[in-house]
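Inspection log for the structure reproduced underneath, given as structure tokens.
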Amino acid sequence: MSDSWQGPGARDPQGASTGSGWGQQARPSEQGQQPDRAPRQGRQQPYPARDARQQPYQGHPQERHAYAHPPRQHVHPHPHPPEQAHQAEPRTESAERAEAPEAQTSAPETAAPEVDAETSGSRRQARRRARGKDGARDGARDGARRRRRRRRRGGLLKVVAFCVVTAVGSLILLRGNELLDRLGTPTAPDKAAETPAPEPPDPGRVLQVIAHPDDDLYFMNPDLRYSISAGSPVTSVYLTSGEADGINAGSAKAATTKPDKPAYAEARQNGIRAAYAKMATGDRGSPWTRTVVPTKGGGHAEVDILMAKPQVNLVWLQLREAGTVYETAPNSLHGLWDGKIPRLDSMLASGTPVKQPFSYSKDQVVQTLVGILEQYRPTTVRSQDPTPGRYPDTKRYTDHQDHFYGARFVQLATAAYAKDVTDRPHFAVQNYAGYINGSLPSALDPDEAKEKLDILGTYAWLDRQNHCNSPAGCGDLKISDQPGGNRWSDSINYARGTSTNWLTSDAQQGLWAFKVLDGQVAVWHRAGPAGRWKGPDLLPGTGMDPGVSTVTLADGRTAVFGTRTSFGSKPTDYRREVVHAVQKQPGAEQFTEWQSLGTPETADENWTSDISAPAVSVDGTGQLAAYVRDGAAGLRGRVQQPDGSWGPWEKYGGTDLHGSPATATDGAGRRMVFAATSKSVVGWTQPTPGAPLGQVTATGLPDTTLPLTADGREGGVRLWFRKPGSGNVRTALITGEGGLKVSQMTDLGGLQGFGSVTASGHLLAGRTAGGQLGSEAGSGRPWERSPLLFVGAPSSTMTGKGLVSLAVVGLDARLYVTSSADVPNAHLAPWQPVGPRNAPPSLPSPVSPTSPASGPAPAAP
């Protein structure tokens, strides 16, 4: 019988584990690992090496040497990295450090060769001895020549020094830390006279938690496929078995097919394995290793490892699903959350190697997820939207109850993990919209939508070939009539984290970046144009939701706004509210404590706490205001009073609003607010600075994808958005004199893609098809592509009058910054990573499962 995988504990010579799995002491049982389709070939790692230095970035060959955009050159949107080979022998820590230095690096610089003084002197002495009697006279002549050379060299060095100072003055704006570090280093000879190789981007470690098999394919793709293609370790955790009514058949045969919930759960698992294998290897039949793992919650999970790409893992928790989208179902994640049942039972798939049923309390579900987070130590956590809201007319949920209650369990687990586990990397969270995507304009271009649908067709088992050798079936026939669902294959939308206003500059040309890591707002800061970058430093206060926005107040201080989720002792205590913190002095690193502005939603039961992230702006009088989309899909806002207090939540009207609003101030100091609907864009404006917002006004713009970006310029406010079904970037100028007026509607093209577009000065940037960052550095210039994959939205800001800065947070939860002169035909400087690599210093490889033929696994290091 095969050994069960028991976590990173030691094993005795007979293979019995002396350690535990995901925080749970291993239990003796007959459960073992089970190969899927093909026997294992040698030992397989249940998880990839956790140290990012053991998993080098393997993107497009042109992307491995620098962060810079290749000038006027496009990278293919779908790079196919070579397969990562297993490392047969352990690597030493010193070797890993030598291969991946921790120091920040940038583009290579040419170093002048240095002269070995000792060697040169020996050669001169030999020549003098050979000259004999003439040595004295020749030496005198040589001395005169040396003095003349020294004078010429001194003049040359002065010129070089002037050039160096000039170059440093020009480049220090872009590469402050690196140049300061080099200038401050004693001038010791470099033996090899070599420049360190640029530090490769860390592809990060992605962990997705979804309610049902297929939620990832419908709502997280193509992000999922991009991560797999980039070589990132990717793990997907499925909370429920998705057994539904147990009928694995299309509509034509549903009435005559006998229900079998364990078999239907197995068929969905088989379909997911086929879809992931196809995304990772191109072969849907690529084999998996299937293993039983004891969980921290006291049950067992099945862990599947793709043999050809062992960094791709699937974790099946196999809890019972609700079986209904909207209706009350006590025996569900919803019922467990609300306390209607004390425990939720497992629903084991017929083909799983897990044989022992179990059940979880609410806390045990949370602890199980904490154990998985501890094991995988992700830098990016993806989950579904915990607050999707309800339809205003029917008050039914806009998403499946398993989706958002499962996401709430993830919220609890990530909060506990952030609090209780200190030896871990920072992590960012990304939430994804669900069923509502079918009501919104298509966010993907035709090629991306086709690739997404193709993967769904693999999951749906359209060819009906017995790839998996299972009587349960090799996919989900229930969706085979319409694999795209309700137009879900045409779109992807982030539920939060779409703001492009999280990078800002101060009066001293310093830069500030604010993102949510570990449930707290992280701050990175560069003092002045040539200061050292600091951070990430986490502001006190937990429970912060993904996505924050900043605004500069009239006195020069920076204010940071976001939303915060709190959990009370009762299920009804779940609450999301708007909060803000303000610099204590302009340019200071100290901020006030988070102050709550409350929420326009008084109870979670009304609209499931569905408020958007806040949009904030300051008008020409210095008046600060914050706006959100409420659960009833209208606009609400609060305005700060002259004495610093805040007025009540006002209703500004609007219907069918989606995403987060956008706001900016025009040249006259009038505040404008905009929001996307499923058909167009609507707006509000102040008639004069300091006045209340006017009535909601239709702009007449065509339908747009989410989200909107607004920036005050050209005397009005310019909007940027995407063309549905294309990904092209569009822009329009909105002016407010005598009411809202729209002009200069223009299609700027782009590299397809989806999501937020950031704009500052001449620069535009956003996610491209392929997931990388695309940018346009000037009107009429071709768009360029960076190798960086990132979380949420990019952000940019003007730094002084002649420089624009751009930043993203990568899938490794690390800040990356670049800059460009705000002139025509400019190029972005090499990307600068800020701070140390966000990777654990040393992560042990778990014990490998073994087959009887291969003998016991070695002890974990």
Side-chain angles (χ1 to χ4, degrees), residues 22-23 205-213 215-216 218-220 223-224 234-240 242 295-297 299 301 313-319 321-322 332-334 336-338 344 360-388 399-421 424 426-434 494-497 516-520 542-547 563-567 571 574-576 604 608-610 791-792 813:
W22 289 330
R205 292 163 299 284
V206 176
L207 185 120
Q208 306 183 151
V209 185
I210 47 264
H212 309 126
D215 291 342
D216 44 350
Y218 276 125
F219 308 121
M220 296 179 178
D223 277 357
L224 168 60
V234 175
T235 298
S236 292
V237 182
Y238 302 90
L239 293 173
T240 78
T295 70
K296 195 170 185 177
N313 286 199
L314 307 174
V315 179
W316 307 95
L317 298 187
Q318 302 190 92
L319 291 170
E321 73 145 91
S332 64
L333 290 170
H334 185 173
L336 187 65
W337 180 276
D338 283 349
L344 182 60
Y360 286 143
S361 66
K362 181 178 180 179
D363 182 65
Q364 285 174 319
V365 173
V366 173
Q367 288 305 308
T368 293
L369 292 174
V370 170
I372 295 171
L373 290 163
E374 288 177 308
Q375 183 61 45
Y376 285 98
R377 303 191 184 189
T379 53
T380 296
V381 177
R382 295 172 178 160
S383 77
Q384 296 171 271
D385 184 2
T387 55
D399 206 2
H400 196 296
Q401 58 185 312
D402 281 346
H403 293 179
F404 65 90
Y405 278 99
R408 294 185 181 192
F409 276 102
V410 177
Q411 284 183 300
L412 279 178
T414 53
Y417 173 65
K419 177 183 177 182
D420 299 336
V421 180
R424 57 166 175 78
H426 292 300
F427 64 91
V429 173
Q430 184 71 69
N431 296 128
Y432 291 80
Y494 299 136
R496 312 193 77 75
V516 176
L517 300 180
D518 311 345
Q520 296 178 252
T542 59
M544 295 299 297
D545 300 314
T563 61
R564 178 175 62 191
T565 297
S566 57
F567 307 88
Y574 183 93
R575 188 169 186 261
R576 173 171 281 160
D604 184 51
T608 67
S609 295
D610 178 30
V791 180

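Computed from heavy atoms alone, side chains included, the values below leave out hydrogens, waters and symmetry copies. Nothing fancy with the numbering, it's 1 onward along the sequence.
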Audit row: T542, Q520, side chain to side chain donor-acceptor pair (under 3.5 Å) steps and yes/no: CA-CA 5 Å; T542 59; Q520 296 178 252; over 6 Å; no
Parallel, tilted or perpendicular, as decided by the 30° and 60° cut-offs, for the rings of H334 and F404: tilted
Would you compute the distance between atom [atom1] of [X] and atom [atom2] of [Y] and round it to the nearest 0.5 angstrom?
X    : Y    : atom1 : atom2 : answer
L336 : F409 : CG    : CZ    : 4.5 Å
Q375 : L373 : CD    : CG    : 11.0 Å
T380 : L207 : OG1   : CG    : 10.0 Å
M544 : L517 : CE    : CG    : 12.0 Å
N313 : Q208 : CG    : CD    : 12.0 Å

Any donor and acceptor pair, going by atom type alone, linking the side chain of [X] with main-chain N or O of [Y] inside 3.5 Å?
X    : Y    : result
T368 : G297 : yes
K362 : W337 : yes
Q364 : S361 : yes
Q430 : R496 : yes

R424 and D518: CA distance, side-chain angles, deciding distance, salt bridge (Lys or Arg N to Asp or Glu O under 4.0 Å) verdict: CA-CA 10 Å; R424 57 166 175 78; D518 311 345; 3.1 Å; yes
Presence of salt bridge, D545 and R564, under 4.0 angstrom: no
Note: R408-D604 ion pair, threshold 4.0 Å (strictly below): yes
Audit row: N431, S383, side chain to side chain donor-acceptor pair (under 3.5 Å) steps and yes/no: CA-CA 5 Å; N431 296 128; S383 77; 2.9 Å; yes
Row check, Y432 ring normal vs R382 NZ/CZ: under 6.0 Å, within 45°: no
Would you indicate whether the side-chain heavy atoms of [Y] and [X] approach each other to under 4.5 Å?
X    : Y    : value
Q318 : Y238 : no
P388 : D610 : no
P378 : T235 : no
Y494 : P546 : no
M220 : Q384 : yes
D215 : H403 : yes
S236 : V315 : no
V370 : K296 : yes

Evaluation steps, side-chain contact (heavy atoms from CB on, under 4.5 Å), between V791 and T379: CA-CA 10 Å; V791 180; T379 53; over 6 Å; no
Side chains of R575 and S609, donor plus acceptor under 3.5 Å: no
T295 versus Y360, side-chain donor and acceptor atoms under 3.5 Å: yes
Can you give me the closest heavy-atom contact between [X] and [Y], atom names plus distance?
X    : Y    : answer
R377 : E374 : CG-O, 3.2 Å
A211 : T240 : O-OG1, 2.8 Å
G434 : D399 : CA-OD2, 3.6 Å
A433 : F219 : O-CB, 3.6 Å
G406 : L239 : CA-CD1, 3.6 Å

Stepwise side chain to side chain donor-acceptor pair (under 3.5 Å) check, Y574 with Q411: CA-CA 11 Å; Y574 183 93; Q411 284 183 300; 2.8 Å; yes
Stepwise side-chain contact (heavy atoms from CB on, under 4.5 Å) check, L319 with V365: CA-CA 10 Å; L319 291 170; V365 173; 4.1 Å; yes
